[in-house]
There are 2 protein chains.
Amino acid sequence: MKFLDIGVLSERSGVPPSTLRYYEEVGLIASVGRHGLRRQYGPETLTQLALISLGKTAGFSLDEIRGMFGRDGVPDVPRAMMHARADALEQQIRRLVTLRNALRHVAECPAESHMDCPKFQRLVRVASHAQRGGAQPPASIATGGRKPRR
Amino acid sequence: MKFLDIGVLSERSGVPPSTLRYYEEVGLIASVGRHGLRRQYGPETLTQLALISLGKTAGFSLDEIRGMFGRDGVPDVPRAMMHARADALEQQIRRLVTLRNALRHVAECPAESHMDCPKFQRLVRVASHAQRGGAQPPASIATGGRKPRR
DNA sequence: CTGCCACTTCAAGTCAACTTGAGGTCAAGC
DNA sequence: GCTTGACCTCAAGTTGACTTGAAGTGGCAG
């Protein structure tokens with residue numbers, strides 16, 4: 001039996017047992033059964049956990065992640081929605097690239113205050129508008145849809 | 001005087017007044033003074049808010065963001081650290097690209113369970129290891145350093 | 001001068017995502 | 001047969017990032 005005890009799964013995935021139990025409680029993962037009291041997990045759970053980790057990195061809530069490939073890799077949202085999510089993700093990736101550039105800039109540029117540096121200004125300003133969460137907020141900059149991320 | 005009332009700043013940035021006060025309280029932004037009781041903000045605050053939004057998208061905590069370009073665009077962390085952050089960001093970007101690909105895959109591939117699809121497996125498995133937060137967790141997959149993100 | 005209304009403060013509440021702790025169970029090795 | 005240690009449950013606590021509500025203030029249009 002190639003089944004994994006929670007301790008082993010935890011060690012292999014880097015996710016603490018308490019979190020694994022919590023994930024199971026909220027339906028993100030499922031154990032195949034019990035050995036006595038102990039949960040036994042199939043090896044595919046490792047893949048699922050990798051996906052969950054990715055989803056969290058992207059700032060999706062556990063609810064959203066469950067909708068995308070929760071419990072069995074069977075998405076319960078329509079494919080159009082999936083593509084919308086992917087599109088949003090692309091937006092986010094562009095924003096991250098902007099931030100990386102801004103970070104490199106402040107690490108390098110000797111200017112007193114970067115808020116005045118025209119290069120920096122241009123770098124950041126283009127990133128205004130567009131991020132995850134659906135309808136855009138009233139104005140330009142936008143908040144980055146509350147999710148307590150992490 | 002080109003100073004902004006909190007209501008105006010809120011409207012232009014898309015950030016609610018309550019949040020702006022909170023940001024000021026924790027030292028992320030600063031008002032130039034008061035008009036009566038009312039806070040007045042300089043226009044550069046809009047740039048700072050754009051940066052904060054970017055930082056949040058990337059999953060940085062408000063503390064980290066303050067360290068990077070808090071209060072005046074003067075980073076109080078060493079530049080080596082800045083580059084390290086940028087490197088981590090690049091890792092994260094790669095992870096996001098993986099997730100986007102995975103998302104497109106499940107939207108397109110007609111397979112019953114994606115967990116079994118070899119293409120999908122390969123897609124996700126390579127994303128194991130590496131994400132933000134410093135020392136890597138015991139094993140492969142890793143969690144994505146707690147910060148509630150929201 | 002009056003009233004309005006956008007602002008103010010401060011304490012408390014909320015929410016997601018976990019973690020912690022107390023008290024209990026049970027399969028396996030001695 | 002007993003102990004051990006990794007597991008179990010369930011309730012409560014924690015943290016970050018805000019939001020909400022009550023009670024007050026003050027610039028300015030009429």
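Residue numbers begin at 1 in each chain, while the letters A, B, ... track the order of the sequences. Worth knowing before you read on, the calculation uses all heavy atoms, side chains too, and leaves out hydrogens, waters and symmetry mates.
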Donor-acceptor list for residues 27-36 of chain A side chains, cut-off 3.5 Å, not counting sequence neighbours:
| from | atom 1 | to | atom 2 | distance (Å) |
| --- | --- | --- | --- | --- |
| A:Ser31 | OG | A:Glu24 | OE2 | 2.8 |
| A:Arg34 | NH1 | A:Leu37 | O | 2.5 |

Within the structure, does a side-chain N or O atom of [X] lie under 4.0 Å from either OP1 or OP2 of [N]?
| X | N | answer |
| --- | --- | --- |
| A:His35 | C:dA28 | yes |
| A:Lys56 | C:dA16 | no |
| B:Tyr23 | D:dC18 | yes |
| A:Thr19 | C:dT19 | yes |

Between [N] ([atom2]) and [X] ([atom1]): distance, integer Å:
| X | N | atom1 | atom2 | result |
| --- | --- | --- | --- | --- |
| A:Glu11 | D:dC7 | CD | P | 10 Å |
| B:Leu62 | D:dT19 | CG | P | 11 Å |
| B:Tyr22 | C:dT9 | OH | C1' | 17 Å |
| B:Glu24 | D:dA17 | CD | C1' | 17 Å |
| A:Leu20 | D:dA6 | CG | P | 16 Å |
| A:Asp5 | C:dA28 | CG | P | 11 Å |
| A:Asp63 | C:dA17 | CG | C1' | 11 Å |
| B:Glu25 | C:dT8 | CD | P | 13 Å |

Taking for each residue the nucleotide of DNA chain C bearing the nearest heavy atom, is the 5' side occupied by A:Gly36 or by B:Gly7? B:Gly7
Could you please name the option among D:dT20, C:dC7, C:dC18 that lies closest to any side-chain atom of B:Ser18? D:dT20
Donor-acceptor check, side chain of A:Arg66 to backbone of A:Val26, threshold 3.5 angstrom: yes or no? yes
Are the side chain of B:Thr57 and the backbone of B:Ser53 linked by a donor-acceptor contact shorter than 3.5 Å? yes
Decide yes or no for A:Met68 and A:Met81: does some side-chain heavy atom of the first lie under 4.5 Å from some side-chain heavy atom of the second? no
So how far is it from B:Gln92 CD to A:Ile93 CD1, rounded to the nearest 0.5 Å? 10.0 Å
Per the side chain to side chain contact (heavy atoms under 4.5 Å, CB included) rule, which among B:Leu89, B:Leu54, B:Ile52 passes with B:Phe60? B:Leu89
Are any protein N/O atoms closer than 3.5 Å to N/O atoms in nucleotides 8-10 of chain D? If there are, list each pair with its distance.
| from | atom 1 | to | atom 2 | distance (Å) |
| --- | --- | --- | --- | --- |
| D:dC8 | OP1 | A:Arg39 | N | 2.9 |
| D:dC8 | OP1 | A:Arg39 | NH1 | 2.7 |
| D:dC8 | OP2 | A:Arg21 | NE | 2.8 |
| D:dC8 | OP2 | A:Arg21 | NH2 | 3.3 |
| D:dC8 | OP2 | A:Arg39 | NH1 | 3.4 |
| D:dC8 | O5' | A:Arg39 | NH1 | 3.2 |
| D:dC8 | O3' | A:Arg34 | NH1 | 3.4 |
| D:dT9 | OP1 | A:Arg34 | NH2 | 3.0 |
| D:dT9 | OP2 | A:Arg39 | NH1 | 3.0 |
| D:dT9 | OP2 | A:Arg39 | NH2 | 2.6 |

Between B:Lys56 and B:Ile65, what is the shortest heavy-atom contact and its length? N-CD1, 3.7 Å
